[in-house]
Novice: 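Please find one structure pasted underneath; my questions will follow.
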Amino acid sequence: MAMIEPRGRIVPVLLSGGAGSRLWPLSRETYPKQLLSLLGENTLLQQTALRVDDRSLFTDPMVIANAEHRFAIGEQLRAVGVDCPTIVLEPFGRNTAPAVATAALLASESDPDAVILAMPVDHWVRDHAAFRAAISAGVTAARYGRFVLFGVRPSSAATGFGYIRMGDEWEAASSIRSVASFVEKPDLVTVERLLACDQHVWNSGIFLLPARQFIDELAQRAPDVLAACRKALTGATRDLDFLRLEERAFEACPAISMDYAIMEKTDNAVVVPATFDWSDVGSWSALWSMAEKDPSGNVVIGDAVMEDTSGCYVRGDGPLVAALGVEDLVIATSPDVVLVTSRKRDQDVGKLVERLKANGHRSATQTHSVHRPWGYYQSIHSGDRFQVKRITVNPGAKLSLQKHYHRAEHWVVVNGTAIVTRDDEEILLRENESIFVPLGCIHRLENPGKVPLNLIEVQSGAYLGEDDIVRVQDIYDRV
């Protein structure tokens, strides 16, 4: 199953399986932080892809992704000119070691001497040139069979990162150091002690690996991971532009990180002390530290008004935020959630998400805007036997040809143009025009225009759940 032709270039592997729960409510499982524009116009996924767009050094990227995000990932990559990625779909998350193992197996099929660069897509790097320079410095070690990590000089006594203690200079290059030990997210007292000796760097979670040697190491230290990934690839199937791993085989794979499975056990690890600015964008305070601030030290994004307030991160993506006489807070609003926390406690936001999950609360994982390959919809209001939605269909996109057993629908075009299939009819609707789709009718909605189509949908019936959709035909091959 040859996927990529590296021809001596590095194979970038974009790891896109995280949920980013510490940036809730903005980031949620159905639409996590890597798909959001948090620092600049491009999303974190797009910024990561652009970091490795030098085709003299890198092949087209491979993406290891959650199957639920496949269409958003494909569309975002196309938007920045990445037209030929290999997108591998995990049926569920199994942490970084299985994801990297899958990538190494695929890359080595095309080139037994392939070197892969595995990196999370939810990280941020300001200087792409410095990043590429660090990769170029480490590639010689990777071709010598070493597993290369990239250590970032700490800019603060951060407790949310893992640390690497650097050892002696590597014999083949004085700019590269051996790895003496790892320290996983230490407390503040330990961090201050680590920083005092000047031999510790943040573990960026970026790996430059010779694929064949890495597979050999997996066979020795994590054979169950390797066996499950081999089996999942053997049974993999094509789904449009995606490669979908076989579910039952992948389910048997242990969920384990790269550090625990390999890096903390191997004798082959080396570290490149990197000079690029780096952040895992793992908290609201991280966003506050990187953003431009007003004279009072506030970061204000969206609809907000501040008075006698300092050191706050305020993001108004929902109702107006009004802050008066407060300090060092995070206030983040979405259409369905308001989060207020101290910047000192923002690392614990994930605990709120877990509590909401345990209570079965939709907002723990679902965004207010429900994204689909054709666009998105928002629930505006619901009551006894009715529901009102706003639907946005992207230019040139179409919903599946479908029917419902339990509900009828009224559509009113707000702006744009719609082609509606209704049984044997095909009807063109323009702004302020409407149509009724009776229960049981086979129908489809399509946007033939060059601008987004926005409409209001009113559903009525005995049952209004999203599982009351029978797809007759679908260009996205959904069931």
Side-chain angles (χ1 to χ4, degrees), residues 30-31 35-37 41-43 46 68-83 240-241 317-318 334-335 366-382 386-461 464-479:
T30 57
Y31 212 76
L35 301 178
L36 303 174
S37 300
E41 182 177 344
N42 289 325
T43 67
Q46 291 171 324
E68 189 173 355
H69 308 145
R70 62 195 185 280
F71 295 109
I73 287 171
E75 186 58 40
Q76 288 195 8
L77 292 177
R78 279 191 292 274
V80 292
V82 180
D83 297 320
L240 299 177
D241 295 330
D317 292 333
S334 66
Q366 304 287 322
T367 55
H368 180 66
S369 295
V370 180
H371 295 265
R372 294 289 185 258
W374 44 260
Y376 66 91
Y377 70 82
Q378 297 171 330
S379 182
I380 298 172
H381 185 60
S382 61
F386 79 93
Q387 181 170 211
V388 182
K389 291 181 177 179
R390 169 192 167 169
I391 297 177
T392 298
V393 185
N394 296 330
K398 62 177 72 175
L399 282 66
S400 62
L401 187 66
Q402 59 184 250
K403 65 178 180 179
H404 309 296
Y405 287 123
H406 303 288
R407 71 175 185 250
E409 295 170 340
H410 295 259
W411 291 338
V412 182
V413 175
V414 177
N415 49 48
T417 304
I419 293 177
V420 177
T421 300
R422 187 174 63 175
D423 286 333
D424 297 328
E425 302 176 277
E426 193 171 89
I427 303 154
L428 180 67
L429 294 183
R430 297 179 178 88
E431 187 173 318
N432 291 324
E433 295 181 337
S434 64
I435 195 169
F436 174 63
V437 180
L439 184 151
C441 169
I442 294 178
H443 61 280
R444 185 191 335 246
L445 177 65
E446 180 177 354
N447 179 2
K450 298 184 182 299
V451 298
L453 163 65
N454 290 289
L455 55 89
I456 299 299
E457 176 182 86
V458 181
Q459 302 176 353
S460 58
L464 306 174
E466 283 301 302
D467 53 349
D468 181 27
I469 297 177
V470 179
R471 290 191 174 94
V472 178
Q473 187 182 84
D474 185 32
I475 63 172
Y476 308 108
D477 279 358
R478 294 169 297 170
V479 177

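Everything quoted here is computed from the prediction, not taken from an experiment.
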Novice: Between L429 and V412, is a side-chain contact (heavy atoms from CB on, under 4.5 Å) present by the stated rule, with each step listed?
Specialist: CA-CA 9 Å; L429 294 183; V412 182; over 6 Å; no
Novice: How would you list all residue pairs meeting salt bridge (charged side-chain N to carboxylate O under 4.0 Å, His left out) that involve residues 389-401, not counting sequence neighbours?
Specialist: K389-E466, K398-E446
Novice: Using the test side chain to side chain donor-acceptor pair (under 3.5 Å), find all partners of N394 that sit at least two apart in sequence or belong to another chain.
Specialist: none
Novice: Mind checking the CG-CZ spacing from L399 to R444? Nearest 0.5 Å is all I need.
Specialist: 9.0 Å
Novice: If you take all heavy atoms of L439 and A408, which pair is closest and at what distance?
Specialist: N-CB, 3.8 Å
Novice: Quick test of your reading: applying salt bridge (charged side-chain N to carboxylate O under 4.0 Å, His left out), list the pairs with at least one residue in residues 400-416, sequence neighbours left out, ordered by first then second residue.
Specialist: R407-E409
Novice: Sequence neighbours left out, what passes salt bridge (Lys or Arg N to Asp or Glu O under 4.0 Å) with E425? Give chain and number order.
Specialist: R422
Novice: Contact between I442 and D424 at the side-chain level, heavy atoms closer than 4.5 Å - yes or no?
Specialist: no
Novice: Output all residues satisfying side chain to side chain donor-acceptor pair (under 3.5 Å) with E75, sequence neighbours left out; order by chain, then residue number.
Specialist: R78
Novice: Kindly write out the residues that satisfy side chain to side chain donor-acceptor pair (under 3.5 Å) with S334, not counting sequence neighbours, or none if the list is empty.
Specialist: R28, D336
Novice: Given side chains that start at C-beta, do those of L455 and L445 come closer than 4.5 Å, heavy atoms only?
Specialist: yes
Novice: What are the two closest non-hydrogen atoms of W374 and A397, and how far apart are they?
Specialist: O-CB, 3.7 Å
Novice: If you draw a 6.0 Å radius around CG in D241, do more than 12 non-hydrogen atoms from other residues or ligands fall strictly inside?
Specialist: no
Novice: Can you list everything that forms a ring-ring contact (aromatic ring centres under 6.0 Å, His included) with H404? Sequence neighbours excluded, please.
Specialist: H443
Novice: Per the ring-ring contact (aromatic ring centres under 6.0 Å, His included) rule, what does the pair list look like for residues 417-441, sequence neighbours excluded?
Specialist: H410-F436
Novice: Evaluate the side-chain proximity of L428 to I419: yes if any heavy-atom separation is below 4.5 Å, no if none is.
Specialist: yes
Novice: For G449 and P395, work out which heavy atoms get closest and say how close.
Specialist: O-CB, 3.4 Å
Novice: What heavy-atom pair brings L36 and Y31 nearest, and what distance separates the two atoms?
Specialist: CD2-CD2, 3.7 Å
Novice: Between Q378 and H368, is there a donor-acceptor pair closer than 3.5 Å when you use the side chain of the first and the backbone of the second?
Specialist: no
Novice: Within this structure, what is the CH2-CD1 distance for the pair W411 and I391, rounded to the nearest 0.5 Å?
Specialist: 7.0 Å
Novice: As a quick check of understanding, evaluate side-chain contact (heavy atoms from CB on, under 4.5 Å) for T30 and H371, giving each step before the final call.
Specialist: CA-CA 8 Å; T30 57; H371 295 265; over 6 Å; no
Novice: I'd like to check the ring-ring contact (aromatic ring centres under 6.0 Å, His included) partners of F71; sequence neighbours left out, ordered by chain and number.
Specialist: F242, Y476
Novice: Taking only residues two or more places apart in sequence or in another chain, which ones pass ring-ring contact (aromatic ring centres under 6.0 Å, His included) with Y405?
Specialist: none
Novice: Nearest 0.5 Å, what's the CG-OG1 distance between L77 and T43?
Specialist: 8.0 Å
Novice: Please check this pair: side chain of N447 against backbone of A418, looking for a donor-acceptor N/O pair closer than 3.5 Å.
Specialist: no
Novice: Distance check, rounded to the nearest 0.5 Å: C441 atom SG versus Q402 atom CD?
Specialist: 10.5 Å
Novice: Between Q459 and Q387, does any side-chain donor sit less than 3.5 Å from a side-chain acceptor?
Specialist: yes
Novice: My understanding is that only residues two or more places apart in sequence, or in another chain, count here; which of them pass salt bridge (Lys or Arg N to Asp or Glu O under 4.0 Å) with E426?
Specialist: none
Novice: With sequence neighbours excluded, tell me which residues meet salt bridge (Lys or Arg N to Asp or Glu O under 4.0 Å) with R430.
Specialist: none
